[in-house]
Protein chains: 2
Amino acid sequence: MTIGIKDVARRAGVSPATVSRVLGHGPVSAELRDRVEAAVRATGYRPNLSARRLRSQHSRTIGLIVSDIRNPFFTALSRAVEDAAYQSDMRVVLCNTDENPEREAMYLRLMQEERITGLIFAPTKATAERLDHTLLDFPVVLVDRAGPPGRHDCVVIDNPLACGALIEHLWEQGYRRIGGIFGNTSSTAVERHEGYRAAMAARGLEADVRFVAPNAEAAEAETARWLRTPGRPEALIGSNGQVLLGMVKALRNAGLGMPDDMGLAGFDNETWTELVGPGLTVVEQPVLDIGRTAMMMLFERLSVPDLQPRKVVLTGRLIVRGSTTRR
Amino acid sequence: MTIGIKDVARRAGVSPATVSRVLGHGPVSAELRDRVEAAVRATGYRPNLSARRLRSQHSRTIGLIVSDIRNPFFTALSRAVEDAAYQSDMRVVLCNTDENPEREAMYLRLMQEERITGLIFAPTKATAERLDHTLLDFPVVLVDRAGPPGRHDCVVIDNPLACGALIEHLWEQGYRRIGGIFGNTSSTAVERHEGYRAAMAARGLEADVRFVAPNAEAAEAETARWLRTPGRPEALIGSNGQVLLGMVKALRNAGLGMPDDMGLAGFDNETWTELVGPGLTVVEQPVLDIGRTAMMMLFERLSVPDLQPRKVVLTGRLIVRGSTTRR
DNA sequence: CTGAAAGCGCTTACAG
DNA sequence: CTGAAAGCGCTTACAG
């Protein structure tokens, strides 16, 4: 029914091996090459990738497992990874775990079954700790989340530094009672929490935090609760874009304005952060660099498998907007 | 190096065929099944999907080609499609074309090479018109964009109706000079444009439109230009979420407030539309239903290939917010 | 440069 | 219910 390499070969008057060489990069005379190319065009032949992968033992596939595809950070990351992959003639299979360790396990199995070349992975804390890349048949680069020190290749931003910058900025604007809402599934949120604590302690300020599932719904509910309790903070920070989104909704529902009723700042320079109220002060992550770097590390690991695990630390950029700038 | 079905078979003391039957759904005695399952666990065996697909002639793969993965509409669509696919034990390969016909052609080739079971596709106008599904080896369901009447299975919303509702609402709020900015790549934008023209004409109002590449940057530039010309509209509508985003930015840069300096409404109930200024009036698309329906149509088409092309029309929901409600 | 042959790792009639 | 055998559609040593 579908046209195979044999049909093309017959039509071009050559062997299937020659067709294969023309399609790949084997040595073929100009004349045979022309005949084969003509036959491919005439028949509309499309190689069967399953057969090719099976025979060549090379999937030319990068796995990308992210925790929340609704989060624009991961959308942007996936575009960066895909662009880099296609330039190396690889495809990528993208999976979304919803921060759910069971789904992570399922997708790790899938990656094994697809015999992927390498994996870029933003794991939950739980999975990052359990993950043993020696049991996997492919190299892994963690992104956004580092996992236990020295165990995995990873590319992250300097979260303590970024949190320090956030707190310093709020301090300069005169905020003193600064609370924080952090995700409860990622090592990134843990690092940001620690950075927050350190920066507060350095100024003699008291830490005040809540932990939530890192999505807008949970963050909104928690913020609303918090706002109703006495002695609430003068400013809040949120550990990622989705959390921040929920916090904005809660402030709005409570009728609190920024920056005077409440200062607000956090992570991820999503489109809407610029547009809401006086604009939100955020730390922007260099997501394109993160994606590109992850791909490079994967390729390096493939060519030099016995390198030490490496951690690449990039730097976030503080973008100050009206949500924290009192006149 | 990696464990194959033969290794498992040897360990369980059965034939590879029996292992295959245990993993699939062949008839196997309880005793052998237990032995095989134990051997699978002991060895950590993972089947090779390329081999399985090649041999079974069944990829169990749905293709999903969208035009802009940054657009939350398509993010949500892809989640809906994936959920439906995994419930049928299928995987999905997701591709992003950036509204670029060359990339669309490339991904259609890829889909052929992957021997996918079926395709869900949001094509550009150019490709929708050229597309001949009889040349493809798999069924196609178009989503969001219908293409030429009667040619393809598709699921869309009633765009003229939705545009009519938008114009009616603006009319009721006292807006008369209503302009529109529409994307220039999709049949959806064309339909929305026509709906806009009809609704304006029905009220004796004069249409005034601009066409742009359907992304925020182009829409912002075009809106900024428009705002500088004399006799500008009292209200604007935008044909999708990305366009609307650019329009909001332009209004903000020009220092124009909603709803008084300018009314603004459009398509796609993205998270930020609720948060910007007094909230944006939008038409929400039933994106989960669109995804689920597309999957169902694909499965129906697979079981009854010679059905007439069918068009399923769902309905958008008007969400009125402050950007168009004058006191 | 070219072709005949083997084989990647599975599944599935076929026979028992 | 079970196994031996064939074969999915390619690629790649091997020999010439």
Side-chain angles (χ1 to χ4, degrees), chain A residues 1-37 39-40 43-61 89 91 109-117 137, chain B residues 1-37 39-40 43-61 89 91 109-117 137:
Chain A
M1 40 191 278
T2 31
I3 299 119
I5 203 169
K6 282 184 187 167
D7 304 301
V8 178
R10 199 176 309 124
R11 179 156 189 142
V14 300
S15 73
T18 297
V19 176
S20 176
R21 289 190 187 104
V22 169
L23 266 37
H25 18 235
V28 185
S29 69
E31 194 208 325
L32 290 196
R33 182 175 294 274
D34 287 349
R35 269 163 43 199
V36 167
E37 282 170 353
V40 167
T43 55
Y45 167 69
R46 287 286 126 209
N48 181 319
L49 291 185
S50 292
R52 180 176 280 178
R53 290 190 190 113
L54 173 60
R55 177 54 236 239
S56 69
Q57 300 287 78
H58 222 306
S59 68
R60 305 197 71 78
T61 299
D89 194 27
R91 62 162 196 153
R109 270 200 306 278
L110 177 67
M111 295 299 162
Q112 299 257 72
E113 298 183 354
E114 293 280 4
R115 303 295 192 263
I116 61 167
T117 306
D137 300 313
Chain B
M1 41 189 278
T2 31
I3 299 119
I5 202 170
K6 282 185 189 168
D7 304 302
V8 179
R10 198 175 312 122
R11 180 160 190 136
V14 300
S15 73
T18 297
V19 176
S20 176
R21 289 190 186 103
V22 170
L23 267 37
H25 18 236
V28 184
S29 68
E31 194 208 328
L32 290 197
R33 182 176 296 276
D34 287 349
R35 267 161 47 198
V36 168
E37 281 169 355
V40 167
T43 56
Y45 167 70
R46 287 286 125 209
N48 181 320
L49 290 185
S50 292
R52 179 176 280 177
R53 289 187 190 115
L54 173 61
R55 176 55 237 239
S56 69
Q57 299 287 78
H58 223 308
S59 67
R60 305 197 71 79
T61 299
D89 194 27
R91 61 160 197 158
R109 271 199 305 277
L110 177 67
M111 296 299 164
Q112 300 257 73
E113 299 184 352
E114 293 279 4
R115 303 296 191 263
I116 61 168
T117 307
D137 300 313

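This is a predicted model, so every value here is computed, not measured. Residue numbering restarts at 1 for every chain, and letters A, B, ... go by the order of the sequence lines.
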> Is there a side-chain contact between Ile5(B) and Pro47(B), using heavy atoms and a 4.5 Å cut-off?
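Not touching, per the 4.5 Å side-chain cut-off.
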
> Below 4.0 angstrom, which residues in residues 4-20 of chain B have at least one non-hydrogen atom near DNA chain C?
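Contacting residues: Gly4(B), Ile5(B), Ala17(B), Ser20(B).
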
> Starting at atom CG of Leu54(B), determine the distance to atom P of dC8(C), rounded to an integer number of angstrom.
13 Å

> Provide a list of protein-nucleic acid N or O atom pairs under 3.5 angstrom, restricted to nucleotides 14-16 of chain C.
none

> Taking all atoms of both residues into account, what is the closest heavy-atom pair of Ala12(B) and Ala39(B), and its distance?
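Smallest heavy-atom distance, with atoms named: CB-CB, 3.9 Å.
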
> Could you name each residue pair satisfying salt bridge (charged side-chain N to carboxylate O under 4.0 Å, His left out) that touches residues 16-34 of chain B, not counting sequence neighbours?
Glu31(B)-Arg35(B)

> Would Leu32(A) and Val22(A) count as a side chain to side chain contact (heavy atoms under 4.5 Å, CB included) if you check the C-alpha gap in whole Å, the side-chain angles of each, and the deciding distance to 0.1 Å?
CA-CA 9 Å; Leu32(A) 290 196; Val22(A) 169; 5.9 Å; no

> Round to a whole Å and report the spacing from CZ of Arg53(B) to C1' of dC8(C).
15 Å

> Please test Tyr45(A) against Leu23(A) for side chain to side chain contact (heavy atoms under 4.5 Å, CB included), starting from the C-alpha separation and ending with a verdict.
CA-CA 11 Å; Tyr45(A) 167 69; Leu23(A) 266 37; 3.4 Å; yes

> Return yes if some donor-acceptor pair links the side-chain N/O of Thr61(A) with the main-chain N/O of Ser59(A) below 3.5 Å, else return no.
yes

> Give the intermediate values and the outcome of side chain to side chain contact (heavy atoms under 4.5 Å, CB included) for residues Leu49(A) and Leu110(B).
CA-CA 9 Å; Leu49(A) 291 185; Leu110(B) 177 67; 3.9 Å; yes

> If we take the C1' atom in both dT12(D) and dG16(D), what is their distance in whole Å?
16 Å

> Of all the choices, dG9(C), dT2(C), dC1(D), which nucleotide is nearest to the side chain of Ala51(B) once you look at every atom?
dG9(C)

> Please pick, from dT12(C), dT12(D), dT2(C), the nucleotide with the shortest atom-to-atom distance to any side-chain atom of Arg55(A).
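Nearest listed nucleotide: dT12(D).
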
> Taking atom C1' of dC8(D) as reference, at what distance in whole Å does atom CZ of Arg52(A) sit?
16 Å

> What is the separation between atom CZ on Arg33(A) and atom C1' on dC1(C), rounded to the nearest whole Å?
11 Å

> Under a 4.0 Å threshold between the charged nitrogen and the carboxylate oxygen, would Glu114(A) count as salt-bridged to Arg91(B)?
yes

> What is the distance, rounded to the nearest whole Å, between atom CG of Leu23(B) and atom C1' of dT2(D)?
16 Å

> Using the closest heavy atom to pick a nucleotide of DNA chain D for each, name whichever of Val28(B) or Tyr45(A) lands nearer the 5' end.
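So the residue in question is Val28(B).
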
> Could you give the CZ-to-P distance, from Arg60(B) to dC10(C), as a whole number of Å?
17 Å

> With sequence neighbours excluded, what pairs up with Arg46(A) under the side-chain contact (heavy atoms from CB on, under 4.5 Å) test?
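side-chain contact (heavy atoms from CB on, under 4.5 Å) check on Arg46(A) returns Arg109(B), Gln112(B), Glu113(B), Arg115(B).
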
> In which stems does DNA chain C show up, taking only runs of three or more Watson-Crick or G-U wobble pairs whose two distances fall under 3.5 Å?
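Paired runs of 3+ in DNA chain C: C:1-3 with D:14-16, C:5-12 with D:5-12, C:14-16 with D:1-3.
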
> For the backbone of Pro16(B) and the side chain of Thr18(B), can you confirm whether one donor and one acceptor N or O come within less than 3.5 Å of each other?
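Answer holds: no.
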
> Write down the distance between CD (Gln57(A)) and C1' (dG7(C)), rounded to a whole number of angstrom.
10 Å

> Filter on salt bridge (charged side-chain N to carboxylate O under 4.0 Å, His left out), then keep only pairs touching residues 9-19 of chain A, sequence neighbours left out; what's left?
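Counting only pairs at least two positions apart or across chains, the salt bridge (charged side-chain N to carboxylate O under 4.0 Å, His left out) contacts touching residues 9-19 of chain A are Asp7(A)-Arg10(A).
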
> I need the CG-P distance between Leu49(A) and dC8(D), as an integer number of Å.
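Value for this atom pair: 18 Å.
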
> Does dC10(D) have OP1 or OP2 sitting under 4.0 Å from an N or O in the side chain of Ser56(A)?
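No, outside the criterion.
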
> Output, in order, the C-alpha distance, side-chain angles, deciding distance and verdict of side chain to side chain contact (heavy atoms under 4.5 Å, CB included) for Val28(A) and Val36(A).
CA-CA 10 Å; Val28(A) 185; Val36(A) 167; 6.0 Å; no

